[in-house]
Amino acid sequence: MNILFLKFLFGVMFLTLVFLHLTKKNFLATVAYSIQSLVITIVLFNSFLETNNFYLLLVVFLSLVIKVIIAPIFFTNLIKKHALAFSVSTYFSTPLILIIISILTFIAYSDKFLPLTSIIPNNQALLSIALSVIFMSLFLIINRKGALSQIIGILSLENSILAFIIFAGLEQSPGLQIGVIFNMFIWIIIASVFISMIYKHFGTLNVTSMKNLKD
Amino acid sequence: MTILIWIIQLFFVPVISPLIIGVIKKIKAKFQNRQGSSIFQFYKDLWKLMYKDEVVSKDASWIFLYAPFIIFTVTIAVGASIPLFASFLNGPTSDLLVIVYIMAISTFFLSLAGMDTGSAFGGFGSSREMTISALAEGGLIFSLLTVALVSSSTNVFIISGINILNHSQHLLSIMLAFIGFFIILLAETTRFPFDNPSTHLELTMIHEAMILEYSGKRLALMEWASANKLIIFIALGSNLFFPLGIAQNISWLALVIGIIVFLLKILFFSTIIAILESSVAKFRFFRLPDLLITSFILNVIAIVLIN
């Protein structure tokens, strides 16, 4: 696949993460995650085109079904069921979030991470973007108070790590990747059930409001 | 032939700009299941206003009287200084910082004119305009600086002639800078979600509040200048970030293609703006700085990513 197109895809992934930090609506966050997963699926498809490994095509198919379709549908149903339209709670204000995002990006591009981003020198630009997306996903998990946003942050972290390992030449066998996707599928179901139970018990998904968790 | 091209360049912005307003209004009307007015309605409105009597407050000073002429002239000057359909033209005012600050002159006089008559509406309109402009300026300069750094020139004609999309290593920077620029485009041209150009509600209006005291030909010039500003920003966005189809040499074929492609780009941007205005609500005023800071930070990231 053309390097320009791959850079465009990584750019889209970066922008979805920025959007996930800025959006105030859970539904839009779910759509952004779906777009991000689609980007990863296309990158995986690119790996299939390069290797012609049939099992990788299976990974692409599973990724498309579970990450792009099923997971967003699960989240959308949760949003509808519990009327979780808005998720505005963050620990930092918007300007501060943006400044932190820019600092994280600078760090990912800095010389400090050069040993990591230059594993394959030809892919250095892509690896730097992937690393900055990993940092931004971690920050999303830390910064958001809503459980649903945090779950999307974790899934987005998985996407960004996958993007990094593909271009760092650390890609695992298709069998293992299928196992990871299956694991994620189970995790999404369990997380959705947990979210429903948490909402039933506390009446909110804001983690700072769950004062009686130890009881 | 060069003189002829310069004449086309000079008149292109004021001639086409009312049409763009008409196209945006038409698309918005279609979204609202209305037939809407003709796409040439804005020309008729300008013609009508040019022949109407004016009412000028007795408290108005020379600023109120001359501001429409200054603002309109500024938009004509900037319109002639930026690449529209040809990249081989070059003028003394084609440096991006010169363009940004010439446009700041029009904002300055617009705000002064708003306050000049002492009306409460004009005062708060000017106050809001200066708040938005102050925050938008940094984002605008940084987004243009990104393309300047990628193309190693601050001359907008040279930037459009280089085609920055060929610099694939800077694709992410260009994408971020364009998103930042588009937010500024909406802010500077008083479109949604920053301002609603079709209402006169004191809670929402910014641009309309400042020109509320105007009537007749001065109002026509203010409205026309606003339309010119929209096409100037569309030209900057389309020709600096996507300089495809722009005429690179003096030949009739290249010029005709350049004009057609530029009109298509304008139509595309107008459609995007109309869709946006039909699908999003206007933001509360106190949320607007967040959006402008988002643009600024995106542009800062874009600049830093240029190694």
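Each chain gets a letter, A, B and so on, in the order the sequences are listed, and its residues count up from 1.
- Minimum heavy-atom separation, B/Leu172 to A/Gly11: CD1-CA, 3.3 Å.
- Annotation: side chain of A/Thr105 is not in contact with side chain of B/Val304 (no heavy-atom distance under 4.5 Å).
- Interface remark: B/Ile174 contributes no atoms to any contact with chain A (heavy atom separation under 4.5 Å).
- At most 12 non-hydrogen atoms from other residues, nucleotides or ligands lie less than 6.0 angstrom from CZ of A/Phe61.
- Heavy-atom distances place the side chain of B/Leu171, and not its backbone, under 4.5 Å from chain A.
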Checklist entry - Does the pair A/Leu22 and B/Thr294 meet the rule for a side-chain contact (heavy atoms from CB on, under 4.5 Å), with working shown? => result CA-CA 9 Å; A/Leu22 297 178; B/Thr294 303; 3.4 Å; yes
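- Heavy-atom contacts from other residues, nucleotides or ligands closer than 6.0 Å to OH of A/Tyr91 number more than 12.
- With sequence neighbours excluded, the residues satisfying side chain to side chain contact (heavy atoms under 4.5 Å, CB included) with A/Leu64 are A/Leu38, A/Thr41, A/Val68.
- Pairing each heavy atom of B/Asp290 with each of A/Leu98, the nearest pair is O-CD1, 4.4 Å.
- Both the backbone and the side chain of A/Ser102 come within less than 4.5 Å of a heavy atom in chain B.
- Residue pairs meeting the ring pair (Phe, Tyr, Trp, His ring centres under 6.0 Å) criterion with at least one partner in residues 142-163 of chain A, sequence neighbours excluded, are absent.
- Both the backbone and the side chain of A/Val12 come within contact range of chain B, judged by heavy atoms closer than 4.5 Å.
- The structure places NE2 of B/His170 at 8.5 Å from NZ of A/Lys7, a figure rounded to the nearest 0.5 Å.
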Checklist entry - Going through the distances and angles, do A/Phe106 and B/Leu305 end up as a side-chain contact (heavy atoms from CB on, under 4.5 Å)? => result CA-CA 8 Å; A/Phe106 303 157; B/Leu305 296 190; 5.7 Å; no
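- Contact annotation for A/Phe8: both backbone and side-chain heavy atoms come within less than 4.5 Å of a heavy atom of chain B.
- For A/Ile97, no part lies under 4.5 angstrom from a heavy atom of chain B.
- Within 6.0 Å of NZ in B/Lys25 there are 12 or fewer heavy atoms belonging to other residues, nucleotides or ligands.
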Checklist entry - Would B/Ile297 and A/Ile99 count as a side-chain contact (heavy atoms from CB on, under 4.5 Å) if you check the C-alpha gap in whole Å, the side-chain angles of each, and the deciding distance to 0.1 Å? => result CA-CA 7 Å; B/Ile297 297 287; A/Ile99 291 167; 3.9 Å; yes
